[in-house]
Amino acid sequence: MTLFQLRALDIPHEVVELDFHTTVERIESPELKRLLAVNPLAQFPTLVTPEGAIMTETAGIVLYLNERHGRNTPWGTSSPDPARLASFYRWIVFLPTNVMTTVTQVEFPTRFITIPENASVNHGVVESWVAEAGKTRRGDVWHVLEEHLGEAMNREEGKPFLLGTEHPNMLDAYVTLLAHWTNHPRKTIAASSLLRESFEENDCDAFMGKETHSKMLDNIP
């Protein structure tokens, strides 16, 4: 999401690429050394501003870049409507605190439990229970967002985005990315042609699973 925003807003930047699995395993590399120097947790994304400030947490980075570089652009949220601004902040924070936590629970269930070595249970079974609970919760939180999206699409013809606008903003981009980058994409949320074109123009379409999901996305009603 951060890379897309940097490119969409035409912000000069340097990208330091790291492999996810080698980073998790802490396999030494010059790139990992640079990351650990600014973020000991080795989180993706980590942003270092021109002033040297260090930022983590995708939603926080979205808000920062939106405030600093998004004003007076089609992607900005400058609006006299307080209700739209409130919705923007609500859903931007909703995504990492609700959607992403369930993704982590499904993919890395061991992060959510500690099973004593002498416990008379099968560790794999317990981990599968945690993962299944995460899948259920993930469906619940997406349903809440989809209901809001349905309401937004029905407000006014030609204003189909989450805040009831004609042009998408970074909230729409964030939702689209999360809905399509996972191993189990959310089929009920289609990427608008405008958003798909924006991801392609900024060379970020791989994050949406373009090769594996393109036919499926084209068939979403």
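Everything quoted here is computed from the prediction, not taken from an experiment.
Separating the CG atom in Asn169 from the CG atom in Leu162 is a distance of 7.5 Å, to the nearest 0.5 Å. In this structure, CG in Asp203 is found 8.0 Å from CG in Leu3, a value given to the nearest 0.5 Å. Taking OG1 from Thr49 and CD1 from Ile61, the interatomic distance works out to 11.0 Å, rounded to the nearest 0.5 Å. Atom CG of Leu177 sits about 11.5 Å away from atom CD of Gln5, to the nearest 0.5 Å. Distance CG/Leu9 to CZ/Phe4: 8.0 Å, rounded to 0.5 Å. Between Arg138 atom CZ and His143 atom NE2 the span is 16.0 Å, to the nearest 0.5 Å.
Considering only residues two or more places apart in sequence or on other chains, Phe94 meets the ring pair (Phe, Tyr, Trp, His ring centres under 6.0 Å) condition with Trp91. For Pro74, the side chain to side chain contact (heavy atoms under 4.5 Å, CB included) partners are His167, not counting sequence neighbours. Residues satisfying the side chain to side chain contact (heavy atoms under 4.5 Å, CB included) test with Leu63, not counting sequence neighbours, are Phe88, Tyr89, Ile92. Checked against salt bridge (charged side-chain N to carboxylate O under 4.0 Å, His left out), Glu25 has no partners two or more places apart in sequence or in another chain. Taking Glu28 as the reference, nothing meets the side chain to side chain contact (heavy atoms under 4.5 Å, CB included) condition, with sequence neighbours excluded. The side chain to side chain contact (heavy atoms under 4.5 Å, CB included) check on Asp19 picks up His21, Thr22, with sequence neighbours excluded. Here Glu67 pairs with Arg71 under the salt bridge (charged side-chain N to carboxylate O under 4.0 Å, His left out) rule; sequence neighbours left out.
Hydrophobic cluster membership of Leu32, counting Ile, Leu, Val, Met, Phe, Trp and Tyr whose side-chain heavy atoms lie under 4.5 Å apart directly or via other members: Val16, Leu18, Phe20, Val24, Leu35, Leu36, Phe44, Phe108.
Residues Tyr64 and Met100 are members of one and the same hydrophobic cluster, defined by side-chain heavy-atom contacts under 4.5 angstrom among Ile, Leu, Val, Met, Phe, Trp and Tyr. Side-chain heavy atoms closer than 4.5 Å link hydrophobic residues (I, L, V, M, F, W, Y) into clusters, and following such links, even through other members, never connects Val48 to Val62. Both Val144 and Tyr174 are part of a single hydrophobic cluster, where members link through side-chain heavy atoms under 4.5 Å apart.
The pair Arg68-Glu51 meets the salt-bridge criterion, with a side-chain N (NZ, NE, NH1 or NH2) lying under 4.0 Å from an Asp/Glu carboxylate O.
When all heavy atoms of Thr46 and Gln43 are compared, the pair lying nearest together is OG1-O, 2.8 Å. The heavy-atom pair separating Ser87 from Leu163 by the smallest distance is CB-CD2, 3.6 Å. Heavy-atom minimum distance, His13 versus Val15: CD2-CG2, 3.5 Å. Here the closest non-hydrogen pair linking Phe199 and Ala173 is CZ-O, 3.8 Å. Pairing each heavy atom of Pro45 with each of Thr58, the nearest pair is CD-OG1, 3.3 Å. Taking every heavy atom of both residues into account, Arg7 and Cys204 meet most closely at NH1-SG, 3.8 Å.
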For residues 109-122, which side-chain N or O atoms pair as donor and acceptor with protein atoms under 3.5 Å away, sequence neighbours left out?
{"from": "Asn122", "atom 1": "OD1", "to": "Gly124", "atom 2": "N", "distance (Å)": "2.8"}
{"from": "Asn122", "atom 1": "OD1", "to": "Val125", "atom 2": "N", "distance (Å)": "3.0"}

Starting from the C-alpha separation in whole Å, work towards a yes-or-no answer on side-chain contact (heavy atoms from CB on, under 4.5 Å) for Met170 and Leu65.
CA-CA 10 Å; Met170 288 302 165; Leu65 293 178; over 6 Å; no
Apply side-chain contact (heavy atoms from CB on, under 4.5 Å) to Leu95 and Val175, showing your working.
CA-CA 8 Å; Leu95 293 172; Val175 169; 3.9 Å; yes
Worked verdict on Met55 versus Thr2 for side-chain contact (heavy atoms from CB on, under 4.5 Å):
CA-CA 11 Å; Met55 292 202 68; Thr2 299; over 6 Å; no
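A donor-acceptor pair is defined here as one N or O able to donate and one able to accept, closer than 3.5 Å; no such pair exists between the side chain of Thr73 and the backbone of His69. Remark: the backbone N or O of Phe161 is not paired with any side-chain donor or acceptor of Thr165 at under 3.5 angstrom.
For residues 94-105, the pairs satisfying side-chain hydrogen bond (donor to acceptor under 3.5 Å, both in side chains) are Asn98-Arg137, with sequence neighbours left out. Among residue pairs with one or both ends in residues 31-41, those qualifying as salt bridge (charged side-chain N to carboxylate O under 4.0 Å, His left out) are Glu14-Arg34; sequence neighbours excluded. Counting only residues at least two apart or in different chains, salt bridge (charged side-chain N to carboxylate O under 4.0 Å, His left out) contacts with residues 37-46 are absent.
A 4.5 Å side-chain heavy-atom check between Trp142 and Leu178 finds at least one atom pair inside the cut-off.
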